[in-house]
Amino acid sequence: MQERHTYLQNVFQELQASSYVLSDPLFVPIFECFNWMDVFEKQAFATDAKFYVVIFRTVRNNNADEALLLKAESTVHQEANNSCGLLLYWRGTPNSRRECFSTSIWESDMARQISSYIDTAKLTSEMFDSYILEQYWLSSTADNFPAFELVASKRWPG
């Protein structure tokens with residue numbers, strides 16, 4: 001089990017962010033965010049393999065406390081590493097419009113059960129002018145193409 005987890009972590013470390021993730025993080029379609037095709041063609045995942053992807057698109061508040069935000073993200077990251085099958089966490093950098101894209105990839109939807117996510121969510125109104133939280137199932141087609149199935153999407157403010 002641990003060998004598979006380590007293998008998958010290494011696979012997803014090969015993902016490279018596209019330039020759109022920085023230039024247009026609020027609107028770039030998920031399939032254009034990374035070099036998914038390269039990774040999926042190289043790995044030839046079984047068609048029954050599924051991964052859980054969480055995307056957080058934000059507009060940071062002018063007064064956002066970067067140190068507090070980083071601390072909250074570190075807590076979530078540490079808890080995820082210790083308990084839930086986190087394969088990749090990619091923290092974006094805000095662009096000149098304070099827009100940012102971050103994502104995580106998991107072996108399952110256990111991400112929803114991380115208690116520190118709840119604590120981090122309490123910071124939302126203090127840190128962000130707005131956000132979009134998207135959750136997807138990621139799988140492979142028979143032709144080794146990545147396939148994304150939207151599970152949930154939440155906007156704040158609504």
Side-chain angles (χ1 to χ4, degrees), residues 8-43 50-107 109-140 145-158:
L8 290 171
Q9 283 180 317
N10 290 333
V11 165
F12 285 108
Q13 289 296 325
E14 294 179 23
L15 287 173
Q16 300 292 314
S18 74
S19 61
Y20 302 118
V21 170
L22 181 59
S23 65
D24 198 19
L26 300 183
F27 302 106
V28 62
I30 186 172
F31 55 85
E32 292 182 19
C33 293
F34 295 93
N35 61 326
W36 301 106
M37 290 293 296
D38 296 340
V39 171
F40 272 66
E41 286 176 354
K42 181 179 176 183
Q43 295 305 318
K50 285 180 89 171
F51 308 99
Y52 195 72
V53 179
V54 178
I55 294 177
F56 198 47
R57 303 171 191 259
T58 63
V59 177
R60 301 251 173 109
N61 184 300
N62 274 329
N63 300 319
D65 182 338
E66 284 295 319
L68 184 59
L69 185 57
L70 185 59
K71 181 180 177 187
E73 287 181 349
S74 294
T75 300
V76 170
H77 189 254
Q78 182 177 5
E79 185 175 345
N81 273 330
N82 292 337
S83 62
C84 295
L86 178 67
L87 299 173
L88 175 76
Y89 179 74
W90 190 86
R91 182 177 195 259
T93 304
N95 64 21
S96 62
R97 297 178 305 274
R98 301 183 327 276
E99 301 167 340
C100 190
F101 176 101
S102 296
T103 191
S104 55
I105 302 173
W106 307 77
E107 285 188 85
D109 62 350
M110 291 290 291
R112 294 190 232 183
Q113 299 177 15
I114 296 179
S115 62
S116 53
Y117 265 146
I118 297 165
D119 294 336
T120 302
K122 293 175 185 173
L123 299 175
T124 301
S125 62
E126 299 170 28
M127 298 295 182
F128 306 111
D129 289 340
S130 65
Y131 76 80
I132 303 167
L133 177 67
E134 301 166 347
Q135 300 166 19
Y136 295 87
W137 280 114
L138 169 61
S139 59
S140 181
F145 291 104
F148 297 93
E149 175 188 349
L150 182 64
V151 175
S153 181
K154 178 183 178 182
R155 290 179 173 268
W156 181 88

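This one's a predicted model, so the numbers in the text were calculated from it and none came from an experiment. Side chains are part of it too, since the values below use all heavy atoms of this structure and drop only hydrogens, waters and symmetry mates.
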> Will you find, in the side chains of Tyr136 and Glu149, an N or O donor that is under 3.5 Å from an N or O acceptor?
Replying inline: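 The answer is no; no qualifying pair exists.
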> Using a distance-only test with no angle check, is there a side-chain donor-acceptor pair under 3.5 angstrom linking Trp106 and Ser104?
Replying inline: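 A donor-acceptor contact under 3.5 Å links the two side chains.
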State, to 0.1 Å, how close [X] and [Y] come at their nearest heavy-atom pair, and which atoms those are.
{"X": "Leu22", "Y": "Asn95", "value": "O-ND2, 3.0 Å"}
{"X": "Ile132", "Y": "Arg155", "value": "CD1-NH1, 3.5 Å"}
{"X": "Ser23", "Y": "Pro25", "value": "C-CD, 3.5 Å"}

[X] vs [Y] side-chain heavy atoms within contact, under 4.5 Å:
{"X": "Asn62", "Y": "Arg98", "value": "yes"}
{"X": "Arg91", "Y": "Leu70", "value": "yes"}
{"X": "Ser130", "Y": "Thr58", "value": "no"}
{"X": "Arg60", "Y": "Glu66", "value": "yes"}
{"X": "Phe145", "Y": "Met37", "value": "yes"}
{"X": "Met127", "Y": "Asn63", "value": "no"}
{"X": "Tyr131", "Y": "Lys154", "value": "yes"}
{"X": "Leu88", "Y": "Gln9", "value": "no"}

Whether [X] side chain and [Y] backbone form a donor-acceptor pair below 3.5 Å:
{"X": "Thr103", "Y": "Val54", "value": "yes"}
{"X": "Ser153", "Y": "Glu134", "value": "no"}
{"X": "Asn61", "Y": "Asp129", "value": "no"}

Just verifying a value: how many Å separate [X] [atom1] and [Y] [atom2], rounded to the nearest 0.5 Å?
{"X": "Ser102", "Y": "Leu133", "atom1": "OG", "atom2": "CG", "value": "11.5 Å"}
{"X": "Ile30", "Y": "Leu150", "atom1": "CD1", "atom2": "CG", "value": "9.0 Å"}
{"X": "Ile105", "Y": "Tyr52", "atom1": "CD1", "atom2": "OH", "value": "13.0 Å"}

>> Please identify which of these residues, Phe128, Phe101, Trp156, meets the ring-ring contact (aromatic ring centres under 6.0 Å, His included) condition with Phe56.
In response: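 The option that passes is Phe128.
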> Hey, which of Phe34, Phe31, Trp36, Trp137 is the one that makes ring-ring contact (aromatic ring centres under 6.0 Å, His included) with Phe148?
Replying inline: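 Exactly one pass, corresponding to Trp36.
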> Of all residues at least two apart in sequence or in a different chain, which pass the side-chain hydrogen bond (donor to acceptor under 3.5 Å, both in side chains) check with Gln43?
Replying inline: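 Applying side-chain hydrogen bond (donor to acceptor under 3.5 Å, both in side chains) to Gln43 gives Tyr7.
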>> Just to verify, what does Arg97 make a side-chain hydrogen bond (donor to acceptor under 3.5 Å, both in side chains) with, not counting sequence neighbours?
In response: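 In terms of side-chain hydrogen bond (donor to acceptor under 3.5 Å, both in side chains), with neighbours along the sequence ignored, Arg97 is linked to Glu99.
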> Between Leu138 and Phe40, does a side chain to side chain contact (heavy atoms under 4.5 Å, CB included) hold up when you go through it step by step?
Replying inline: CA-CA 11 Å; Leu138 169 61; Phe40 272 66; 3.7 Å; yes
